[in-house]
> 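Provided herewith is a single structure, encoded as structure tokens, for subsequent inquiry.
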Amino acid sequence: MADKIKDAKIVFVVGGPGSGKGTQCEKIVAKYGYTHLSSGDLLRAEVASGSERGKQLQAIMQKGELVPLDTVLDMIKDAMIAKADVSKGYLIDGYPREVKQGEEFEKKIGAPALLLYVDAKAETMVQRLMKRGETSGRADDNEETIKKRLDLYYKATEPVIAYYEKRGIVRKINSELPVDEVFAIVVKAIDELK
Ligand SMILES: Nc1ncnc2c1ncn2[C@H]1C[C@H](O)[C@@H](COP(=O)(O)OP(=O)(O)O)O1
Ligand SMILES: [Mg+2]
């Protein structure tokens with residue numbers, strides 16, 4: 001099973017909260033038929049199921065903290081295997097959140113072909129999240145948690161970008177631009193893969 005995954009392209013989509021990862025992933029799915037796996041969405045689905053594990057996860061996410069590494073990785077791997085027969089590629093959205101998560105992913109699943117670095121200014125991210133919070137129903141889209149998530153992003157996740165930059169697979173995407181202009185840059189990066 002894991003062998004099948006190895007043949008598909010793996011794209012890490014990394015960026016701060018509210019930078020526009022989900023928005024761009026949706027467009028990539030429509031154009032390229034990739035499988036979109038948002039670690040946050042997988043976790044929120046577990047919370048919504050009302051399971052005991054979900055309750056523990058919710059408490060962690062509400063504080064803006066990172067959930068245990070193995071939990072997220074197992075969920076991603078299961079979801080990848082479930083799509084292995086039909087998937088042309090995988091968008092791993094919101095993961096790795098820290099360098100260690102990237103290392104574990106590569107040990108258990110495979111190496112990414114590309115890292116899309118969705119880059120927006122902190123003020124932009126805060127504005128977008130506050131707006132999204134009006135309708136998202138997400139427990140972490142509030143001012144206090146947003147600040148913690150941003151701090152953690154700069155501390156834990158930015159080193160991930162530096163780590164993969166050394167391998168030459170990082171493409172920086174200016175996500176301050178309007179959605180379609182951002183996507184035009186994304187398309188160039190993905191087309192390079194072929
Ligand atoms: N380029 C862009 N210009 C303006 N708004 C954008 C944008 N990209 C995303 N948004 C909006 C859509 C959402 O309401 C909010 C957060 O986007 P998102 O895709 O949910 O971010 P993420 O998945 O990185 O947390 O910002
Ligand atoms: Mg998202």
Side-chain angles (χ1 to χ4, degrees), residues 11-30 35-76 78-79 91-102 104-105 115-162 172-183 185-186:
V11 177
F12 285 163
V13 184
V14 177
S19 60
K21 300 182 295 297
T23 302
Q24 293 303 319
C25 283
E26 236 175 73
K27 296 179 76 69
I28 298 168
V29 169
T35 301
H36 177 207
L37 298 173
S38 154
S39 56
D41 288 349
L42 291 171
L43 292 164
R44 282 184 289 278
E46 183 76 31
V47 171
S49 79
S51 69
E52 198 46 49
R53 179 159 84 164
K55 281 177 197 149
Q56 291 164 9
L57 291 172
Q58 179 162 41
I60 296 168
M61 288 159 75
Q62 209 147 18
K63 286 189 274 182
E65 294 170 3
L66 295 181
V67 308
L69 193 156
D70 291 337
T71 311
V72 195
L73 192 53
D74 286 348
M75 290 173 115
I76 292 174
D78 289 347
L91 296 168
I92 310 298
D93 165 8
Y95 186 102
R97 286 288 226 274
E98 54 188 358
V99 171
K100 180 105 178 75
Q101 289 189 354
E104 288 301 311
F105 183 101
L115 187 154
L116 290 176
Y117 167 25
V118 182
D119 184 41
K121 287 184 279 193
E123 306 93 83
T124 305
M125 294 193 267
V126 172
Q127 271 173 18
R128 288 180 184 170
L129 289 174
M130 291 301 289
K131 184 108 209 315
R132 185 175 78 180
E134 290 169 11
T135 53
S136 70
R138 280 180 50 165
D140 58 355
D141 280 348
N142 63 76
E143 203 162 1
E144 197 194 331
T145 310
I146 288 169
K147 195 182 171 308
K148 285 192 196 153
R149 288 159 67 203
L150 275 180
D151 286 348
L152 188 58
Y153 168 70
Y154 288 116
K155 198 168 76 147
T157 310
E158 277 207 327
V160 171
I161 295 156
K172 186 172 179 175
I173 311 295
N174 178 4
S175 192
E176 291 287 331
L177 300 168
V179 171
D180 288 336
E181 289 177 36
V182 177
F183 188 58
I185 311 173
V186 167

> Please report the shortest heavy-atom distance between Pro96 and Thr157, naming the atom on each side.
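Looks like O-CG2, 3.9 Å.
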
> Nearest heavy-atom pair of Leu91 and Cys25: which atoms, and what distance?
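Shortest heavy-atom separation between Leu91 and Cys25 comes out as CD1-O, 3.8 Å.
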
> Can you sort out the partners of Arg97 under salt bridge (charged side-chain N to carboxylate O under 4.0 Å, His left out), two or more places apart, ordered by chain and number?
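With sequence neighbours excluded, Arg97 shows a salt bridge (charged side-chain N to carboxylate O under 4.0 Å, His left out) to no residue whatsoever.
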
> Check each of Lys147, Arg149, Arg44 against Asp141 using the salt bridge (charged side-chain N to carboxylate O under 4.0 Å, His left out) test, and report the only one that passes.
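Single salt bridge (charged side-chain N to carboxylate O under 4.0 Å, His left out) partner of Asp141 among Lys147, Arg149, Arg44: Arg149.
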
> Tyr95 side chain to Gln101 main-chain N or O, any donor-acceptor pair under 3.5 Å?
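Flag set: sc Tyr95 to bb Gln101 pair under 3.5 Å.
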
> Search all heavy atoms of Ser136 against all heavy atoms of Gly133 and return the closest pair with its distance.
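Here Ser136 and Gly133 meet closest at OG-CA, 3.7 Å.
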
> Which distance, rounded to the nearest 0.5 Å, do you find between the CD1 of Ile28 and the CD of Glu26?
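If we round to the nearest 0.5 Å, Ile28:CD1 and Glu26:CD are 10.5 Å apart.
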
> Take atom NZ in Lys148; do more than 12 heavy atoms of anything else shown fall under 6.0 Å from it?
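Result for NZ/Lys148: enclosed.
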
> Kindly compute the distance separating CG (Leu152) from CG (Leu66), expressed to the nearest 0.5 Å.
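The CG atom of Leu152 sits 4.5 Å away from the CG atom of Leu66.
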
> Please confirm whether the backbone N or O of Gly15 pairs with a side-chain atom of Lys21, one donor and one acceptor, at under 3.5 Å?
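Yes; judged by distance alone, with no hydrogens or angles, the pair exists.
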
> May I ask you to check whether over 12 heavy atoms, not counting those of Lys27, lie within 6.0 Å of atom NZ?
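Buried by this count: over 12 neighbours within 6.0 Å.
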
> Just one of Asp140, Asn142, Thr135 clears the side-chain hydrogen bond (donor to acceptor under 3.5 Å, both in side chains) bar with Arg138, so which one?
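Result: among Asp140, Asn142, Thr135, Asp140 is the only option passing the side-chain hydrogen bond (donor to acceptor under 3.5 Å, both in side chains) with Arg138.
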
> If you look only at distance, which donor and acceptor atoms sit under 3.5 Å apart when one is on a side chain in residues 118-129 and the other is two or more places apart or in another chain?
{"residue": "Asp119", "atom": "OD1", "partner": "Tyr117", "partner atom": "OH", "Å": "3.2"}
{"residue": "Thr124", "atom": "OG1", "partner": "Glu176", "partner atom": "OE1", "Å": "2.9"}
{"residue": "Thr124", "atom": "OG1", "partner": "Glu176", "partner atom": "OE2", "Å": "2.8"}
{"residue": "Arg128", "atom": "NH1", "partner": "Ser19", "partner atom": "O", "Å": "3.1"}
{"residue": "Arg128", "atom": "NH1", "partner": "Ser175", "partner atom": "O", "Å": "3.2"}
{"residue": "Arg128", "atom": "NH2", "partner": "Ser175", "partner atom": "O", "Å": "2.8"}

> Working to the nearest 0.5 Å, report the span between CG of Asp78 and CG of Leu73.
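One gets 9.5 Å once the value is rounded to the nearest 0.5 Å.
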
> Do any N or O atoms from the side chain of Gln24 and from the backbone of Val179 form a donor-acceptor pair under 3.5 angstrom?
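Here the side-chain-to-backbone pair exists.
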
> Looking only at the side chains, is there a donor atom on one of Gln62 and Thr145 sitting less than 3.5 Å from an acceptor on the other?
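Note: Gln62 and Thr145 side chains miss the donor-acceptor criterion.
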
> Hey, could you give me the CZ/CD1 distance between Phe105 and Ile76, rounded to the nearest 0.5 Å?
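Phe105 atom CZ to Ile76 atom CD1 measures 6.5 Å (nearest 0.5 Å).
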
> Kindly compute the distance separating CG (Asp70) from CD (Glu104), expressed to the nearest 0.5 Å.
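Between atom CG of Asp70 and atom CD of Glu104 there are 7.0 Å.
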
> Does Lys131 have any salt bridge (charged side-chain N to carboxylate O under 4.0 Å, His left out) partners at least two apart in sequence or in another chain, and if so, which?
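Partners of Lys131 by the salt bridge (charged side-chain N to carboxylate O under 4.0 Å, His left out) criterion come out as none, since no residue qualifies.
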
> State, to 0.1 Å, how close Met75 and Leu43 come at their nearest heavy-atom pair, and which atoms those are.
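In this case the closest contact between Met75 and Leu43 is SD-CD2, 3.6 Å.
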
> Enter the distance from His36:NE2 to Asp93:CG here, rounded to the nearest 0.5 Å.
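Nearest 0.5 Å value for the NE2-CG distance: 3.5 Å.
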
